[in-house]
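Report on the following structure.
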Amino acid sequence: MTAEQAIFAIAGPICVIAAANAVLRRDPLTAALSLTVTLFSLAVLFLGLGAPFLAGVQIAVYAGAIMVLLIFVIMLLGVSHVEMPRLRRPALQLAGPLIAVALFGVLAAAILRGGLPPASGDTADGSVDALADLLFGRYTFAFEAASVLLLAALVAAVVVARKRSTEHEWPGRR
Amino acid sequence: MTASDLLVALPVLVLAAGACLVLLGDLLVHADGRAWAWVGAAFALAAAVCTAIPAGADAAFAGSVRRDGASIFVAALVGATTAAALLLAVGYVRRMALPAAEVTALTLFSASGAVLMASAGDLLVVFIGLELLSLPLYALTGLMHAAPHADESALKYFLLGAAASAVFAYGIALVYAATGSISIGALGGISSPVGLAGIALLLAGLAFKAALVPFHFWAPDAYVSAPTPATAFMAVVAKLGAFSALLRVGAAITGPGAVAVDWRASVAVIAAVTLVLANLAALGQQSLKRLLAYSSIAHAGYIAVAASAGVVASAAIAFYLVVYAALTLGAFGIITLLENDDPRIDDLHGLARRRPLLVVALGVILLGLTGLPPTAGFLAKVYVFEAAMGAQLAWLVVLGVLASVVSAAYYLRVLFACLGEGEGEPARGPSVGGSVVVIAALAVLVLGIVPGPLLDAVQSVRF
Amino acid sequence: MPTEAYLLLGALLFALGAAGVVTRTNALSVLIAVELMLNAVNLTFVAAARRYAELDGTVVAFFVITVAAAEVAVGLGIVIDLARRKTSVDVDEASDLRG
Amino acid sequence: MIASALVVVPLVAAILCVSATRLARPIAVVASLAVVALALAALISGAPTSASVAWAGPLHAGYSVAADGLTVIFLALGGVLFAIGAAASSRVGHRRAYFALWCLLIAAVDGVFVARDLALFFVFWEAMLIPLAILMWQWGGPDRRGATLRFLLYTMTGSAFLLAAIAALAASRGTLDLAELASRPVAASGQLLPAMLLLAAFVVKLPLFPFHAWLPRAYVAAPIPVALVLSGIVAKTAVYGIMRLCLGLFPDGMATAAPVLVALAAVGTLYGALLATRQDDLRRFIAFSSLSHLNLIGLALFAATATSLRGAVLASVSHGLVVAALFLLVAMLASRTSSFALSRAGGLAASTPVLAAFSTLAIVAAIGVPGTSGFAGEFTMLAGTFERFPAAASVATLVVILAAMYGLGMLRRAYHGPPLAAGVDLAWRERLLVIPLLVLVIAVGVVPRVVSDRIPDDTLPSVEVTR
Amino acid sequence: MTLALLVALPLAGAVPTAVAGGLVGRRTVGSIATLFIALSFGAAVAMAQAFAAGKTQLVAELGPWLPIRGADLSLVITPVTVPLVLMVTGVSTLIALYSIGYLAHDTGVRRYFAAIDLFVFAMLLIVVASNLLLLFAGWELVGLCSYLLIAHWRDRPAAAAAGVKAFVVNRVGDAAFLVGLFMFLGLVNTVDLAEITRRVQPALQQLTVEANAQLFAASVLLLIGALAKSAQLPLHVWLPDAMEGPTPVSALIHAATMVTAGVVLLVRLGSVLHPDVLFGAAIIGVITALFAAVVALAQIDHKRVLAWSTISQIGLMFVGAGVGAAFAALFHLIAHAFFKAALFLGSGSVMHATDEELDIRRLGGLARRTPLTTIAFACGAAGLAALPPAAGFFSKEAIAAAVMDRPILLVGVLATSALSALYAARLFALVFVAPPSSDQARHARESPPVMLVPLLALAAGALVFGALVAGGTVPLGVTPSAEAPLALSLTSAALALAFAAAGLAIYWRGPRAIVPARVSNAARAGFGFDTLYLAAAVIPVRAIAQVLEQGSEALVQLIADLVGRAVIAGSALARRMQGGYVRSYEALLLAAAVALLAYWSIR
């Protein structure tokens with residue numbers, strides 16, 4: 001058993017269980033915490049896959065920033081937003097799992113039928129240097145575009161969440 | 001990074017720079033809100049104009065961005081549409097007390113995303129463009145705090161959009177897993193199930209942005225709730241981005257066996273479902289905006305009809321998109337000119353008497369939407385149908401023409417409502433928005449009678 | 001480990017996320033489910049990058065994280081707006097627009 | 001040149017109408033008469049009428065117009081009817097809009113007849129709809145809404161197939177120019193489908209039984225002048241279309257379908273006549289008698305012998321004139337009894353002898369008595385049809401009996417018997433509207449060759465059926 | 001030229017009468033109209049002289065008409081048709097003259113005379129058309145004029161109904177005529193009569209089976225046309241009702257001219273029609289003759305007696321024409337025109353004298369009060385009864401002579417003659433001789449000269465015409481086919497005299513029932529043909545129309561509605577998909593994605 005196999009064997013199940021927990025819990029806070037576990041276990045898997053820097057980013061940015069923000073909002077809005085315990089719109093509650101099973105089934109079938117190009121024997125240089133070369137070389141434009149995207153998202157978030165001082169009378173139909 | 005790199009990406013840069021400058025300017029200068037719409041329009045127009053500057057290269061940034069007939073066309077059309085939408089917003093933002101600078105900036109950001117999708121060399125840029133296109137639109141949808149359901153629409157749009165983005169991203173991932181490349185060209189060789197699954201998910205994700213049934217559910221709500229100029233903008237620009245990406249992906253799929261055929265068949269089926277459902281749903285609408293929303297979904301269906309003919313239909317699609325842009329700007333533009341921002345069709349009674357010119361313009365636009373001569377809408381439809389017929393899609397064409405009969409029912413209902421007896425609205429003086437509407441209507445008419453120049457121009461478009 | 005194992009794991013995560021999107025009624029829970037889907041995407045990218053001994057997949061995963069961050073920002077804005085107006089973040093209660 | 005002028009003149013008139021409230025009606029009348037004059041000039045001068053300009057090349061569509069004998073016949077008929085219809089529109093509201101739409105309708109109808117390109121044909125074909133629909137919708141009777149929508153959607157459904165056919169032809173043939181299409185005919189086996197797609201538009205507009213669901217409602221709901229042109233000339237665009245397009249481009253396809261079409265038309269001929277015997281509303285009466293006549297014309301068209309086609313053209317002219325006269329007379333009757341119901345009339349001849357006389361003449365022409373145009377058309381059609389479809393022609397001939405029943409039955413109920421209603425007899429203003437029509441009816445009946453000899457030979461089947 | 005004038009003059013009279021008749025007085029209108037017919041008669045006389053001088057044919061080509069071979073506006077007149085033309089124009093002139101007086105107080109004079117003029121035009125067209133189509137034009141136009149004139153008194157519902165009935169029944173024949181015409185057109189590809197004759201006649205001997213069948217069918221159809229126009233069984237039902245029209249109309253159209261058009265047709269086409277069919281015409285003729293004679297005996301309305309008698313007499317003409325005895329048929333036709341016109345005009349005079357009294361049981365004794373009418377009527381009746389030496393005697397003899405070799409026909413013809421004599425005598429006796437039985441009859445007064453002059457002229461014709469023809473003074477254009485043997489002459493004279501005498505004897509003192517009431521009632525009603533047609537044709541057609549309107553037309557409308565409703569239902573369904581719940585949208589979106597995935601990856 002290689003290290004990678006060991007990592008997969010441990011982190012994989014944790015990841016799935018946490019993910020399932022995140023999806024099944026009615027309480028968003030618990031779900032968020034479960035998701036964080038998933039994120040951590042994914043970071044471990046990334047390590048096993050030879051992408052240590054990404055693992056770091058996953059923990060720092062994803063788990064660290066995004067999830068914190070999410071949890072902050074959950075707390076901000078109060079715990080009262082726990083979903084109602086009763087089963088609502090049962091058709092949809094049934095459709096969810098069904099879709100998931102179908103989705104996984106189809107995807108698994110596709111994956112298991114193989115046909116992928118052969119794996120390259122060597123391993124890539126996963127160092128930060130190499131990453132930086134790519135990021136500021138081939139992917140410069142994407143990088144810049146992503147920065148514009150973040151700016152746009154910022155503005156969008158501000159605009160939509162900003163509290164209006166004066167509610168304008170809307171001239172449309174109610 | 002060279003000068004030619006920048007020139008290739010110039011339209012995107014101009015749009016994004018415009019957005020940033022408007023944001024900055026709003027912080028520094030205390031100007032009337034309307035000024036920002038004018039500035040934004042100027043930038044959008046500049047983006048359109050600068051497509052004419054020869055770049056000296058077909059690609060830039062290591063192949064991330066490319067410049068060809070299709071990207072030039074989309075950039076020009078996006079720029080022009082954005083400018084027109086912002087001009088519609090000039091009066092509107094003031095009347096609705098909207099944050100003009102933010103609206104302008106978001107619009108420009110979104111426009112840059114659309115151009116990015118059209119000029120992307122790889123799937124990653126397509127994905128970023130898609131997000132850049134979408135995120136501002138979510139915000140624009142939720143902007144009208146005073147409108148009754150803006151929050152709901154924004155939420156729906158966002159949740160659906162996020163899921164669709166994830167689907168699209170997963171598609172890219174599967175394609176990458178199957179080919180080891182994220183370049184669009186890599187789609188060509190795909191034959192493994194994983195790669196094919198990826199293609200399917202790419203189609204689903206793009207169909208969502210193009211508002212094709214059954215990925216369209218966000219559209220009616222978002223269109224109704226967004227500020228009307230933004231509605232016009234998203235109805236045109238989002239589709240431009242989505243369809244150019246869709247067509248580029250389709251053009252790249254030349255894989256062995258029946259893959260290309262399957263792609264076209266999938267698009268054809270989606271087109272068929274869209275035509276039927278959208279037109280039927282539009283038939284029962286009371287709200288004019290919602291009706292136009294479904295109508296724009298239906299028009300996406302017609303574009304998809306041509307798209308299912310493959311890349312040979314590029315010129316037809318391009319022509320259709322231009323006409324559709326003019327029609328959509330005109331139609332939603334007219335709503336911006338009404339007192340009521342979400343008028344029921346019955347509210348239009350008496351409009352012909354009070355504002356005859358407006359109704360003439362509306363009439364031209366409705367004829368264009370229906371696809372009746374002598375408007376350009378007719379030629380656009382004929383072009384699309386000819387393309388589909390060339391691809392042996394007779395069944396789809398028959399479905400399309402029948403669907404347009406249904407569409408005639410609801411479009412003409414609007415026209416007839418204007419002719420009815422009623423209070424109507426008080427006449428209003430000339431306005432910027434009014435000029436945009438008149439120009440759009442004239443364009444629809446003139447392009448129907450003298451389509452030659454535009455037709456010649458779109459011949460160079462090849463996705 | 002073969003790449004397929006990671007792909008299967010990714011597919012499972014994606015499917016779980018999809019289920020969550022449909023079944024959860026709390027807008028924030030839905031957002032969490034979407035995050036799950038995006039993470040499945042990332043896992044797939046990284047696994048494939050390892051298979052082909054490339055870094056491109058890893059780089060794309062960075063971008064996906066960026067995009068996820070942007071999305072969350074906008075999403076949270078919208079949810080906050082909703083919560084302020086509806087005093088609820090239940091997606092089933094935001095169902096006035098129909099037809 | 002002249003062909004283009006035929007479209008442009010009414011268009012200019014439409015613009016003039018908008019700007020002149022008081023003169024709108026004279027302008028419309030003059031424009032209509034100008035169409036007649038231009039059409040006749042095209043015929044007499046012998047100068048080339050055609051014009052061809054690039055329009056939408058990549059769509060294989062061009063602007064190509066011409067006016068040959070067949071065109072001129074229909075245009076002259078149209079001009080007369082439009083002039084009389086406009087003159088009869090004396091008390092309409094919103095005059096500017098009404099007459100502007102009227103002129104637009106003229107332009108569209110003219111365009112249908114002069115177009116020599118399928119796409120251009122379709123442009124004008126659809127362009128007819130909108131002015132017609134608005135005229136019906138705004139100025140029509142109580143049922144105008146439903147009737148207009150029914151008419152619009154029904155005809156648009158037919159046109160939809162026409163559009164599909166055009167797209168298919170453009171894609172497969174690479175041209176939509178009629179001359180070019182005709183010069184390189186499709187293989188006989190491949191003609192049926194395009195022929196039927198084209199025909200779909202025409203059978204609805206004609207309308208062929210059983211595609212007539214819009215007809216009675218539209219005739220009742222439309223304002224009388226509009227109903228007049230709707231039946232008088234707009235229906236004839238379908239006749240023209242079948243001759244020029246279906247038979248001109250796909251004679252073999254039409255021949256394949258002919259047995260079915262002929263059967264439908266024969267049934268429709270009798271069907272319309274039978275229903276006409278039962279109508280109380282005079283407009284419905286005209287509707288069903290028109291249905292009968294138009295199906296007979298359809299029969300002749302589908303039989304497609306040289307004689308039957310000549311007859312179809314004659315009958316189209318005749319029906320146009322007669323139905324116009326009937327609509328006017330019926331309106332005049334209704335203005336005396338304040339109702340279009342036959343049961344509200346009765347014995348009117350006593351107080352309105354001139355109206356009765358005119359009506360009698362119109363009905364006599366409608367039921368095809370020799371000496372009137374009705375006979376010339378009907379006989380020629382039936383004789384021509386008999387060459388190829390003796391059984392159908394014989395069955396359709398029974399219509400002369402039913403026509404007598406409904407025609408004279410109507411006269412009897414409206415004008416004979418003890419006077420139940422009374423009114424002032426026709427004023428000269430009213431008489432002058434009808435007299436030209438009646439004079440033309442007789443003239444065409446006596447010298448029908450004036451019309452039928454104008455039909456160019458290339459629109460008729462080259463080989464006469466001989467047995 | 002003369003030929004064209006002959007036809008054009010009455011038409012020329014019709015137009016000013018119709019258009020400008022209102023500008024002049026009633027009497028003037030009538031005079032003008034009459035004048036035009038008289039001028040036409042003049043033209044006919046002129047032509048007759050030309051023919052007497054040895055001309056064999058006159059042709060007038062007036063130009064093309066319909067785009068069909070041979071369908072030109074061209075006229076031809078031959079020695080055969082000269083007498084017909086003379087008769088038509090002459091009798092018409094007299095009757096038009098009579099009408100001036102008869103309709104002196106009618107408000108519709110203008111259209112009356114216009115229609116009369118038009119009628120003369122149309123009738124002449126039948127006689128002199130050089131092709132079948134033009135003939136048919138006249139054929140239809142006389143029907144139209146008949147309708148217009150029957151329904152002349154527009155305030156009378158019965159008149160209107162009778163007019164419509166006449167036209168519709170005629171149209172049944174016309175429809176058959178048309179189809180027959182088409183078949184001829186198919187056979188020889190022309191409608192020109194001369195050419196048809198030229199092409200069909202030699203071919204008649206060596207016809208293929210198929211062509212034979214076609215010729216037979218075509219001939220049958222033309223015969224049906226003739227039957228309808230000439231009111232022969234079974235299409236005779238319109239003629240008795242046509243008596244609702246003014247009496248001069250009955251005299252002109254429904255006795256002298258139009259109804260004999262069928263005979264004219266058979267004579268003109270005699271050489272073309274299938275021989276079997278021609279003989280069939282003779283059979284139908286004899287049956288009709290007998291049948292109508294019996295019915296005529298039972299009538300109580302003097303115009304109806306004459307109407308049925310007309311049917312009967314035309315039956316005799318059909319016999320003549322059917323066996324190829326053109327001479328006999330034409331002879332009887334013209335003779336009948338004289339005596340029947342005289343009778344009808346006499347009838348009209350009686351009505352004029354007695355406030356429109358029609359019931360012969362309420363008349364009587366008029367001989368004293370209206371002597372001139374009585375004399376004229378007697379002449380006519382003598383002609384009808386075939387009493388020698390009145391016209392009818394010779395003409396009927398000629399017919400009998402033509403069927404000498406066909407005993408059944410001969411018996412029928414003789415029996416008809418006998419019955420004719422009987423009802424003619426009955427009519428005369430009841431109206432003029434029997435004691436007056438009503439105030440009208442008692443206070444009758446003689447008609448004005450304008451009516452009496454034509455009446456007497458016609459009566460004179462009825463008296464002497466036969467002898468003139470038989471004596472060879474007046475040529476008929478065709479030579480008699482068979483000379484009547486003396487025995488036949490004697491037999492027919494005896495029969496006529498006997499039955500006439502019997503009739504006079506029986507009814508001398510007034511109406512009397514000699515057969516059971518049920519029989520006479522049945523006969524009076526024409527043995528139920530009207531009822532039969534009502535049940536077999538009129539009611540079914542109405543029922544079909546009703547079924548169509550409430551069934552199929554409703555269905556057509558319903559289908560249109562249903563399509564609309566289906567679309568609207570589809571619309572509701574499509575809108576229900578947009579249920580408002582974002583989760584269901586997500587589900588649908590993802591399900592669609594799964595579907596796409598499945599389609600793409602599982603293959």
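None of these values were measured; they are calculated from a predicted model.
Considering only heavy atoms from C-beta on, B/V259 stays 4.5 Å or farther from B/I190 through its side chain. Taking 4.5 Å as the limit, some side-chain heavy atom of B/L123 sits within range of a side-chain heavy atom of B/I184. For the pair B/L292 and B/L288, the minimum side-chain heavy-atom distance is below 4.5 Å. Two residues are said to be in side-chain contact when any heavy atoms from C-beta on lie closer than 4.5 Å; E/L135 and E/F177 meet this criterion. Using a 4.5 Å cut-off on side-chain heavy atoms (C-beta onward), B/P220 and B/V224 make no contact. The shortest side-chain heavy-atom distance between B/L393 and B/R264 does not fall under the 4.5 Å cut-off.
Along residues 572-586 of chain E, the residues that come nearer than 4.5 angstrom to chain B, judged on non-hydrogen atoms, are E/A574, E/R575, E/M577, E/Q578, E/G580, E/V582, E/Y585, E/E586 in order of number. Residues of residues 588-595 of chain E having a heavy atom under 4.5 Å from any heavy atom of chain B, listed by number: E/L588, E/L589, E/L590, E/A592, E/A593. Proximity to chain B among residues 154-173 of chain E is not found for any residue, judged by heavy-atom separations below 4.5 angstrom.
The aromatic rings of B/Y157 and B/Y138 lie perpendicular to each other, with more than 60° between the two planes, well past the 30° mark. Aromatic ring orientation, B/Y223 versus B/W218: perpendicular (interplanar angle above 60°, classes split at 30° and 60°).
For E/R565, the salt bridge (charged side-chain N to carboxylate O under 4.0 Å, His left out) test picks out no residue, with sequence neighbours left out.
Evaluated for a side chain to side chain contact (heavy atoms under 4.5 Å, CB included) with B/L275, the options B/L212, B/L402, B/V406, B/V305 yield exactly one hit, B/V305.
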Step by step, would you call B/I199 with B/D262 a side chain to side chain contact (heavy atoms under 4.5 Å, CB included)?
-> CA-CA 11 Å; B/I199 290 175; B/D262 274 355; over 6 Å; no

Do B/F168 and B/L202 pass the side chain to side chain contact (heavy atoms under 4.5 Å, CB included) test, and can you show the C-alpha distance, the side-chain angles, and the key distance before you say yes or no?
-> CA-CA 5 Å; B/F168 185 73; B/L202 290 183; 3.5 Å; yes

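At least one donor-acceptor pair closer than 3.5 Å links the side chain of B/S308 to the backbone N or O of B/A304.
Rounding to the nearest 0.5 Å places NE2 of B/H299 at 6.5 Å from OG of B/S407.
Contact count against chain E (heavy-atom pairs under 4.5 Å) is highest for B/F215 among B/F215, B/W263, B/F208, B/Y294. Counting heavy-atom pairs under 4.5 Å between each of B/A197, B/G195, B/P193 and chain E puts B/A197 at the top.
Within the 4.5 angstrom heavy-atom criterion, atoms from both the backbone and the side chain of B/L277 approach chain E. When heavy atoms are compared at a cutoff of 4.5 Å, B/A207 does not approach chain E at all.
For the pair E/K229 and E/W238, the cation does not sit on the ring face, since its NZ or CZ is not both under 6.0 Å from the ring centre and inside 45° of the axis.
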